[in-house]
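Step one of this worksheet: look at the structure below.
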Amino acid sequence: MRYLNYINGEWVEPFSGSYNTNSSPIDGRELGEFPASSVEDAQRAIASAKGAFSLWKSLSYKQRASYLLAAAAILKDKVEEIGYDLTLEEGKTIAEGIGETQRAISILEFFAGESAQSIGSVIPSSNEKTLIYTKRIPLGPVGLITSWNFPIAIPVWKLAPALIYGNTVVMKSADLTPKSVYHVISAFHEAGIPPGVINCVFGSGRVIGTELVKNPDIKAISFTGSNKVGNGIKELAISTGKKVQLEMGGKNPLIVLADANIDKAVDLAIKGGFLSTGQKCTATSRVIIEEKIYDEFRTRLIEQTMSLKVGNPLEKDTFMGPCVSHSQQETVLSLIKAGKQEGLLLYGGETLQNPNLQQGFYIQPTIFEIDSQEARIAREEIFGPVIVLLKAKDYHEAIRFANDTEFGLSASLCTNNLSLAQEFIDEIEVGMVHVNSETTGAEPQVPFGGVKNSSYGPREQGKTAIEFYTQVKTIYVDQL
Ligand code: SIN
């Protein structure tokens, strides 16, 4: 099947007339053709978003919320079908594919609910007769550049706040996972969203993304993806006067102290490190274990990992599917190769040998042991099913290791010691802290984002999303 761009309320062919064939990382089957759009397509989408802005911002919050709720209801009716498509194009398990679609629905419902929340405050004036208040106003057309690892949740967590606060949108979906975004756009189309409020252009980031970042009619860019691309976007977007929000990499540590419940800690390491094939910005990639329990933890982790079913993610009992693409598989394998020279490979490290899976991009869940954080596998984001184990003398050494990274997205500590947990909450240099839970996960009603090189700009999601998608207007009202 051939899919089209969505511009000004219509499905339209790209100017180039060219399409890219999308295929599944599970077995290489073809999934459809998506536009290989050009700069002209992006410009047409931007003009459409610009044209729709004055109507959209003039609607009440309640009217705008009605489109979010209608789209959520449409997605709900198709949750199994969309979850299946997501798994086919991204490779995460079917339970994760359906779960992520449900999460997108919850995000839409949360931001529809924000339509009844405060958008400003009243501040006392030094003049007793003057009323001073602030209100949040939309920015204009915004560009949303989204990643392939959460191909429906991340587009929706940018789209929903952008729309509810009165902005119009040009969406650039990740090349590898266009069908998930297509489902979201179709749901809004079916919900009757006014033409031009949402526009979506499929194609290369280098072409479409660059135009969004450069074009003066786009007032803000929200991006999720790699640090390399994100830093390039930051420079260009700031030089054209835009607001910028970047969600990039992580090297998230899980610290396991000697008093922790070892079974629970092993479970957290496995889920955090290997679910979604480790392709989460919040994935657990370093496990730092207090030396008293190191050997026991390592043994149990390897035993549990050996029992995981890795393979076709459409089969219900599969724990872990393939990498998203051949190139991602190659990147992960090359870091594993480096790891074999720098550390001790405890488990995995190879592609799967099953003859039925040779058309897909599978890698075994992989565990390394290292004795120094200088190893590349301890410093670079891998974005694959690889975790490294590191022994620490005590909590203080563990937190030093944990903070020894350029990243600061998320971290977790396993302990029953409340005072050390509180110390950890204060000392760990990340945007999202967990105690006795996975490093992964993102509830829609709370802020998402990191510190150091993980993020830039205001937080996504929750009530804080308003910071990025609006600006403040201050109003003085006096009596004559
Ligand atoms: C991500 O890590 O990329 C998204 C948030 C999550 O579910 O962990």
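Computed from a predicted structure; not experimentally measured. FYI, side chains are in, hydrogens and waters are out, and symmetry mates aren't considered; it's all heavy atoms of this structure. Both ligands and their constituent atoms are indexed starting at 1 by order of listing.
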| request: Write out all pairs satisfying side chain to side chain donor-acceptor pair (under 3.5 Å) with one or both partners inside residues 160-173, taking only residues at least two apart or from two chains. | output: Lys172-Asp175
| message | Contact between Ile98 and Gln102 at the side-chain level, heavy atoms closer than 4.5 Å - yes or no? | response | yes
| field | Side-chain (Thr101) to main-chain (Gly97) donor-acceptor, under 3.5 angstrom | value | yes
Which N/O atoms of ligand 1 sit under 3.5 Å from a protein N/O, and at what distances?
from     : atom 1 : to     : atom 2 : distance (Å)
ligand 1 : 2 (O)  : Cys281 : N      : 3.2
ligand 1 : 2 (O)  : Thr282 : N      : 3.0
ligand 1 : 2 (O)  : Thr282 : OG1    : 2.6
ligand 1 : 3 (O)  : Asn149 : ND2    : 3.1
ligand 1 : 3 (O)  : Cys281 : N      : 3.1
ligand 1 : 7 (O)  : Arg103 : NH1    : 3.1
ligand 1 : 7 (O)  : Arg103 : NH2    : 2.9
ligand 1 : 8 (O)  : Thr282 : OG1    : 2.5
ligand 1 : 8 (O)  : Gly441 : N      : 2.7

| task | Check whether any side-chain heavy atom of Asn231 lies under 4.5 Å from a side-chain heavy atom of Asn453, and answer yes or no. | result | no
| Side-chain donor-acceptor pair under 3.5 Å between Ser222 and Lys158, yes or no? | yes
| task | Assess Lys391 against Phe297: is NZ or CZ under 6.0 Å from the centre of the six-membered ring, and within 45 degrees of the ring's axis? | result | no
